[in-house]
Each structure stands twice: as C-alpha cells, then as structure tokens.
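Note on naming: letters A, B, ... go to the chains in the order of the sequence lines (proteins, then strands), and numbering restarts at 1 for each one. Heavy atoms only: backbone and side chains are in, while hydrogens, waters and symmetry mates are out.
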There are 2 protein chains.
Amino acid sequence: MSEILTQSIQDYLKQIYDLSADGTPASTNDLAARLGVAPASVTGMLQRLSNVSPALVVYKKHQGATLTVEGERAALEVIRHHRLLETWLVQTLGYTWDEVHEEACRLEHVISEDFERRIAAALGNPVRDPHGDLIPTADLTMPNDDTRPLASLRTGEAGTVKRVHGADPAFLRHLQGLGLVPGAQVHVQAYSEFDGNLTLQVDSHPACVVGLAITKQVFV
Amino acid sequence: MSEILTQSIQDYLKQIYDLSADGTPASTNDLAARLGVAPASVTGMLQRLSNVSPALVVYKKHQGATLTVEGERAALEVIRHHRLLETWLVQTLGYTWDEVHEEACRLEHVISEDFERRIAAALGNPVRDPHGDLIPTADLTMPNDDTRPLASLRTGEAGTVKRVHGADPAFLRHLQGLGLVPGAQVHVQAYSEFDGNLTLQVDSHPACVVGLAITKQVFV
DNA sequence: AAATATTTTTAGTCTAAGCTAAATTTTATT
DNA sequence: AATAAAATTTAGCTTAGACTAAAAATATTT
Ligand SMILES: [Mn+2]
Ligand SMILES: [Mn+2]
Ligand SMILES: [Mn+2]
Ligand SMILES: [Mn+2]
C-alpha cells in the first residue's frame, strides 16, 4: 500500500484518532457505529491497516486499535483539512456552524496541500474552527487543549466558552439559542447536586438551566 | 443503480460529453486515452452505463457512445461544478488559470448543490470560467457558443479572445506570455497560406507569429 | 463457577472498477 | 477482393471495501 490513503482509510484513521484520544483503544463496535459500517467490515480494515508498511494502526485481536505515529500523522492531516475547511466555509461563504460539518467531511479528502496552504493563509492561520476545535498546525502537531467541561464549574465560577463538542446540527442550533457558542461569557449561578444541572447566565441572554447532556459537551 | 453517480462515472460522462460535442459518438479508444484507463475498461463501463435505468449513454457495439438526456444532465452538472470552481479558485484564492484545472477536477465530484449555489451567487453567476469556457446554467442548459477559432481569421480581421481550449498548464502559460487570454484584443496582420500561421497584434504586446496548433485552440 | 449476553472475528459473498491477453470486428492498404 | 492494421470486445483475473451468517472470545450476571 505504502502511500495511497483512500477516503475510506482516512475516515477510519480520523475516527480511531477521536475514539482513542482518551488513551483507550478504539473498539470495533464503536468504530462501526461511527463509520456507519458493519463490525465485520471494521475488523477487516483494522487487519489491513495494521499489516501495511508502514503500519497505520496497532491492532491486536479483541483489543481494539490505536494509531501508529504514521497513522496519527495521516489522521491529523485530514483533521487539519476538515477544520480549516469548516472555518473557511463559515468565513467566506456564510455557512453557519451547524451546516459546515457535512460539506467539510467530503471536501477534506480531496483538497491539495496547496489549497490547504491558501485557505490557511487567507484565514490568518486560525487556531480553532467554528466549533472551537483546535486545528492541527501545518507541521501536524495538535496544540494542547487547556479547556475543561462546563459541567465541572460550580456556583460562582465563570468562564469563556472555548469549544463545543458534537456535530448534530439540531444540537448546535439549540446551543446557539442559549448563546452557548465559542466566545460567550458564562457565569454559573447555581449548581444542582443531584442532576448536575447548572443555572447559567450567558452573556446578556436570559438565565437558563442546562443538564449534563449539554454541560459535558461545552468547554470553557 | 438509479441514482448513485460515482466519481468514475461522472468522469466518463464528462468525457463523453466533450468527445461527442461535434455530433460524432465518443470512441472507446479516445475515452480510454482521456480517462487514463485501458480500452477494455471503457467497453465495460459503457455497457454498464447503457444498461442502467434510466440509461445514461447510448451505446452500440463498435459504434461509440453518446449521452442520453439523463446522461447529459449529469455531465452538465459536473461541468457546471468544475467551471464554477475554477472561476472561484481564481477569484478568491489567487490561483492562476494554469493551476485550477486539477484542483477543480477533484472538487467537482464532492461539492453539494448548496455549495454550488453559494459560490455561483458569490461570483455573480458568471457565464464563463477563467479559460472562457461557458458555464452551464443552474437549470443545466449549456449556453450556445458563438465564438469561432482564431485560425479562421484572415489578414485585417480582428476580434476579442473569448475562450482558450486546453488544460495543459505549460500551454496556458505560453499563451499568457503571448497575451492570448480571454479579453485580449487581437488584430490579424498577416496570414500565411501554406502553414496557416497568423501574425498577430495582441493588445500592446509585441507582434507574434503563431501556428495552427495555437490558433485552433483560441476562440474569438 | 456457570450461564448468559455482548463483542469481535472468521468465512464466504458481492459490486465497482480496474487490468491483461486473446478473439473479433471494422477500417485501410495493397 | 484479399490482406494487414487498428480498434473494439470478450473472457478471466484482481483489489478495495462493503455485507451476512456463523463461530469464537470476552464480559457480565446469576
Ligand atoms: Mn494537508
Ligand atoms: Mn468542527
Ligand atoms: Mn450541482
Ligand atoms: Mn476551465
């Protein structure tokens, strides 16, 4: 194989990167769910990706997959494309943050390095995409993220929204309705011990009470 | 099949459109050369494309291929994408006209109709791309071209360059060196009967003598 | 510790899209 | 008209990437 990274392979690597970000290997089933393919297909691909040279993933039967250094580079390459594209679609074509993901998912596999450089330069080498996700640098290192989940704040604490996790357009539009977008100032007015709900003052929006399903996905 | 037009199919349709534009069906060999595949592969694909419903091409053994109405629509769709993308890459990212073709060839298959609409609107619904090729309209009709080859001009005649045929970057850069780009004013100062050479005054460039290999590819 | 449930892998099949080599058909040349 | 050359098609093979059904391994409950 050596150097032909198909779109399909790029998608696998991207998802393995994501699922193994916490240190635990990506499981067959999780990958299958993320990629919309059957688990058996994932097994087949993991075997292939771990047998090419250089290997792109480390895979041991029944123990999930992690990326090799080469695999990670390839994943970061695609992620950089994706996030630059999202930023650029928003800035130059008026896409909204809930619309960009799908388009970027298709474009990320076909743009040239030249195209990448041009949009990065045109955007002023941005550090985060419209959802606040960090954009891997041109030399393919992922900046480290010093944010923490909104869910970890307690009464009286405050912060600036840096990042929102999740690609579901409806979810993103809901957050936008609450004002919970990157850049927003948030004050925690109350914390409910039992359900984890937070009462928030977001910029000048009316106060709102949000549950863990939201506060775990928003980072400050 | 019904509605899944793969990238490969789109490329076949595009080339059939081009090769059969003069009324004669596209031949297997010509298609193979254009697409960079073996003639046998073309035969296989033509059989497939003529057997799907609705059929995309009309194909009779040994007689080449033309497009059906559905095939032509699909081809025009891709061509519209290609030409809008080229225009847009030049206008917004500073690509030069010899650089855009390859990038557009990859992007044309993956952009959404929404993306198409957005760039068309941003560009003010352009009629021609950077090479002067006509852009199919949003409802997928190809405007008709009233240009004629520079080669058909004779001493004393003049015209405005409208279109340049060919995707080879070196060729395009050569034309640019001569000033033969869309918009240029050309006066024919002399015509050589035997080799067909024309002596041209292009805008304020120094006069130049160009052969049929060039004058047949430039349209006024 | 067994039994059950879940996860993962294997085995076998399918389609798209290519390939080569050989056969056939069409076209061009004597 | 016969022959040679060129173009095209057929036949059979390959690879990527999916699928289903069955088998095997691991994890969870009782
Ligand atoms: Mn890149
Ligand atoms: Mn994003
Ligand atoms: Mn379109
Ligand atoms: Mn063009």
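Taking 4.0 angstrom as the limit, Gln47(B) places a side-chain polar atom (N or O) nearer than this to OP1 or OP2 of dT10(D). A sub-4.0 Å separation between OP1 or OP2 of dT6(C) and a side-chain N or O of Asn29(A) is absent.
Residue Asp11(B) contributes atom CG, which lies 9 Å from atom P of dG18(C) at whole-angstrom precision. Distance, Leu46(B) CG to dT8(D) P: 10 Å, rounded to whole Å. As a whole-Å value, the separation of Lys61(A) NZ from dA24(D) P is 11 Å. His62(A) places its NE2 atom 11 Å from the C1' atom of dA27(D), with the value rounded to the nearest Å. Rounded to whole angstrom, the span from the OH atom of Tyr59(B) across to the C1' atom of dA7(D) amounts to 11 Å. The nearest whole Å value for the distance from the CE atom in Met45(A) to the C1' atom in dA18(D) is 9 Å. We find that CG of Leu35(B) is positioned 8 Å from P of dG18(C), with the value rounded to whole Å. If you measure from atom NZ of Lys60(B) to atom C1' of dT25(C), you get 17 Å, rounded to the nearest angstrom.
Salt bridge annotation for Arg118(B)-Glu103(A): absent, with no cationic side-chain nitrogen under 4.0 angstrom from a carboxylate oxygen.
Using a 4.0 Å heavy-atom distance criterion, Thr28(B) is classed as a sugar-phosphate-only contact. As judged by a 4.0 angstrom heavy-atom cut-off over every strand, Thr43(A) is placed among the base-contacting residues. Within the nucleic acid shown, Ser41(B) comes within 4.0 Å of at least one base atom, counting heavy atoms only.
Take the nearest nucleotide of DNA chain D for Pro39(A) and for Val42(B): the residue whose nucleotide is more 5' is Val42(B). Between Tyr12(A) and Ala40(B), it is Ala40(B) whose nearest contact on DNA chain D lies nearer the 5' terminus.
Between His101(B) and His82(B), the distance from one ring center to the other falls under 6.0 angstrom.
Remark: the backbone N or O of Glu116(A) is not paired with any side-chain donor or acceptor of His81(A) at under 3.5 angstrom. Between the Arg83(A) side chain and the Leu134(A) main chain, a donor and an acceptor come within less than 3.5 Å of each other. Gln217(B) places a side-chain N or O within donor-acceptor distance of the main-chain N or O of His165(B), the cut-off being under 3.5 Å.
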